[in-house]
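Here the structure comes first, spelled out in structure tokens, and everything after it is commentary.
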There are 2 protein chains.
Amino acid sequence: MVRPSKKTQIPNLQEAIKETAWKQIAETGAAALSLRAIARELKITAPAIYNYFPDRDALVTALIIDAYTSFGDYQIIARDAQAEDDLAGQLQAIGLAYRQWALEYPQRYQLIFGTPIPGYQAPIMEVLPSAARSLSAPVSVIDQLRIANRLNAEGFPAVQPGYEQMFDVWRSFAGNYDIFSLSVAMLIWSRVHGLVSLEIANDMPPFGVDGDALYMYELKSTINQFIKR
Amino acid sequence: MVRPSKKTQIPNLQEAIKETAWKQIAETGAAALSLRAIARELKITAPAIYNYFPDRDALVTALIIDAYTSFGDYQIIARDAQAEDDLAGQLQAIGLAYRQWALEYPQRYQLIFGTPIPGYQAPIMEVLPSAARSLSAPVSVIDQLRIANRLNAEGFPAVQPGYEQMFDVWRSFAGNYDIFSLSVAMLIWSRVHGLVSLEIANDMPPFGVDGDALYMYELKSTINQFIKR
DNA sequence: TTAAGTTTATAAACACTGTATATTTACACT
DNA sequence: AGTGTAAATATACAGTGTTTATAAACTTAA
């Protein structure tokens, strides 16, 4: 038997491969991702996967793009559930959604921001669209704050010249915001990322403060710092 | 030939294995760590390593402990180079040292805080001594601030009961500080970790602000927030 | 209808990896 | 001198990603 007839074939094998990959990542962690294990579960042979993904890294990239997309959606939905003029409320909602998504899909979060696949380096240009969009929710709010003159970022380091072209590409995926707003958003992002990634990776000493309360404290500190009055 | 005579043996093979591991990690990244590659370079066979480390994970744990120790030393030295009564200066020096160490040894930083080894989970109880000590520098300064009534952490979430025993163990390695100071230090740690880890992993959009300046801005923001006046 | 060409899978093999087992030899101690 | 232990090798197993050759199923066109 060399090729199953169309009736016994799996329809949309490309999607099936990704779904099985996610399933195994959820069960055994992103580090244990294995083409052969995926093939085994789908009852095909490992090299068959190469018809749909040129190599393992390409599959990982596809997974990362899907994860970024889900992550971005999650934050955008949280933002849009708030009153349109309540920018502080929007920023807080986005921050809470950020952590909620990460706690719900810790493996996906690690796949994006950790380095669970040995030797894998995400190709920036392929990932940029979904990655840019995943950061667009906080940037949009901060840009509105800036326009309303309510952004408190005195002394924030100036943006360096020379990146205009790169930024234009980014803008084409994330929305037409000011580069200064992006910079401030990146710093705020680094704060929530710091707390969430330590929490997920279990790198914090296992005693002390409730995770929800600590995160809320940090979120409020940040909002107080960057939003005027 | 089954066992080389003592003259041709490598003295202190245990150390040599670790050194070679570090060398290869620095060259090709922590993810590419391979017992067989280490053995090849030392001109021994791979199973010989098992005389010194029960398995690959044990070697990784030993490397992590060494890294934590180096990391902790680095911060303690930076703190002690400041005037004894300049607590804000000490905290800033520790923060700068934190990033400096991470940029000098990005692979070691990733080995500690990332998950570059598939399936590896650090055994808390083995790592705790060096890990606790690596956090002791900021904790010590914050505890002094607290004692001097200069710590500004109103509304900081209360420490939960039930972890007293764990905390006592931690204290035996890191020093006799208050658990509240540890909690605040953890939050500050998460901030520097967020920024540094994104910078090292190259996860930030590649445009905008100078890394040194951004880090300094965040450090000053944090010091302003947590130190009274 | 038949022939040619393309798609999509398998089979087999290669070069790796960590690890377990058995074996052999060098050394230390009685 | 003999015995026991320690430290290495040799060999083998199961797993990995990937390459190459091959064959069957499907598509298209003469």
Side-chain angles (χ1 to χ4, degrees), chain A residues 1-18 20-21 24-25 27-64 111 115-123, chain B residues 1-18 20-21 24-25 27-64 111 115-123:
Chain A
M1 161 244 302
V2 169
R3 182 187 175 182
S5 78
K6 211 172 188 184
K7 285 195 177 172
T8 63
Q9 253 180 295
I10 297 165
N12 208 349
L13 191 46
Q14 173 138 11
E15 270 312 307
I17 290 167
K18 286 204 284 182
T20 308
Q24 297 191 353
I25 284 174
E27 281 167 3
T28 53
L33 187 70
S34 153
L35 295 187
R36 290 185 117 111
I38 293 169
R40 229 175 289 133
E41 187 156 336
L42 289 173
K43 293 186 173 166
I44 58 175
T45 60
I49 296 176
Y50 286 73
N51 287 315
Y52 302 94
F53 301 95
D55 53 20
R56 191 200 49 170
D57 287 7
L59 170 59
V60 173
T61 299
L63 295 175
I64 286 180
L111 187 64
T115 51
I117 311 290
Y120 174 81
Q121 258 283 57
Chain B
M1 162 243 300
V2 170
R3 182 186 177 181
S5 78
K6 211 170 189 183
K7 284 195 178 172
T8 65
Q9 254 180 296
I10 297 165
N12 208 349
L13 190 45
Q14 173 135 8
E15 270 312 307
I17 290 168
K18 285 205 284 182
T20 308
Q24 297 192 354
I25 284 175
E27 280 167 4
T28 54
L33 187 71
S34 154
L35 295 187
R36 290 185 115 112
I38 292 170
R40 230 174 290 134
E41 187 156 338
L42 289 173
K43 294 187 174 166
I44 58 174
T45 59
I49 296 177
Y50 285 75
N51 286 315
Y52 302 94
F53 301 96
D55 53 21
R56 192 200 49 172
D57 287 8
L59 170 59
V60 174
T61 299
L63 295 175
I64 286 181
L111 186 65
T115 50
I117 311 289
Y120 175 81
Q121 258 283 55

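Only this structure's heavy atoms are used, side chains among them; waters, hydrogens and symmetry mates stay out. Sequence lines set the chain letters: A, B, ... in the order given, protein chains first and strands last, and positions in each chain run from 1.
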Report task. Enter the distance from A:Tyr52:OH to A:Asn12:CG here, rounded to the nearest 0.5 Å. Result -> 8.5 Å
Report task. Spell out yes or no: do the side chain of A:Arg36 and the base of D:dG15 have one donor N/O and one acceptor N/O closer than 3.5 Å? Result -> no
Query raised in the report: At under 4.0 Å, does any side-chain N or O of B:Ser34 touch on OP1 or OP2 of C:dC16?
Result: no
Report task. Using whole Å, report how far CD1 of A:Ile117 lies from C1' of D:dT16. Result -> 13 Å
Query raised in the report: How close or far is atom P of C:dT17 from atom OH of B:Tyr50, stated in whole angstroms?
Result: 12 Å
**Report entry** Between D:dA8 (P) and B:Asn12 (CG): distance, integer Å
**Finding:** 11 Å
Query raised in the report: Can you find a heavy atom in the side chain of B:Leu33 that is under 4.5 Å from one in the side chain of B:Leu63?
Result: yes
Report summary line: With the side chain defined as heavy atoms from C-beta on, B:Leu13 is closest, among D:dA8, C:dG18, C:dA9, to D:dA8
Query raised in the report: Out of C:dG18, D:dT9, C:dA11, which nucleotide sits closest to the side chain of A:Pro47?
Result: C:dA11
Report summary line: Closest to the 5' end of DNA chain D, once A:Ala37 and A:Pro54 are matched to their nearest nucleotides, is A:Ala37
Report task. Remember a base hit wins even if backbone is also touched, and classify B:Ile38 as base, sugar-phosphate or nothing at under 4.0 Å, heavy atoms. Result -> nothing
Query - A:Ile44 and A:Leu13, any side-chain heavy atoms less than 4.5 Å apart - result: yes
**Report entry** Separation of atom CZ in A:Arg56 from atom C1' in C:dA15, rounded to whole Å
**Finding:** 15 Å
Query raised in the report: Could you give the CZ-to-P distance, from B:Arg40 to D:dT9, as a whole number of Å?
Result: 14 Å
Requested in this report: Check whether any side-chain heavy atom of A:Val60 sits under 4.5 Å from a side-chain heavy atom of A:Phe53, and report yes or no.
Outcome: no
Report task. Find the distance B:Ile44:CD1 to D:dA7:P and express it as a whole number of Å. Result -> 13 Å
Report task. Return the value, rounded to whole Å, for the distance between atom NZ of B:Lys43 and atom C1' of D:dA8. Result -> 17 Å
Query raised in the report: Does B:Leu35 reach the side chain of B:Asp55, with side-chain heavy atoms less than 4.5 Å apart?
Result: no
Query raised in the report: CG of A:Asn51 versus P of C:dT6: gap in Å, rounded?
Result: 16 Å
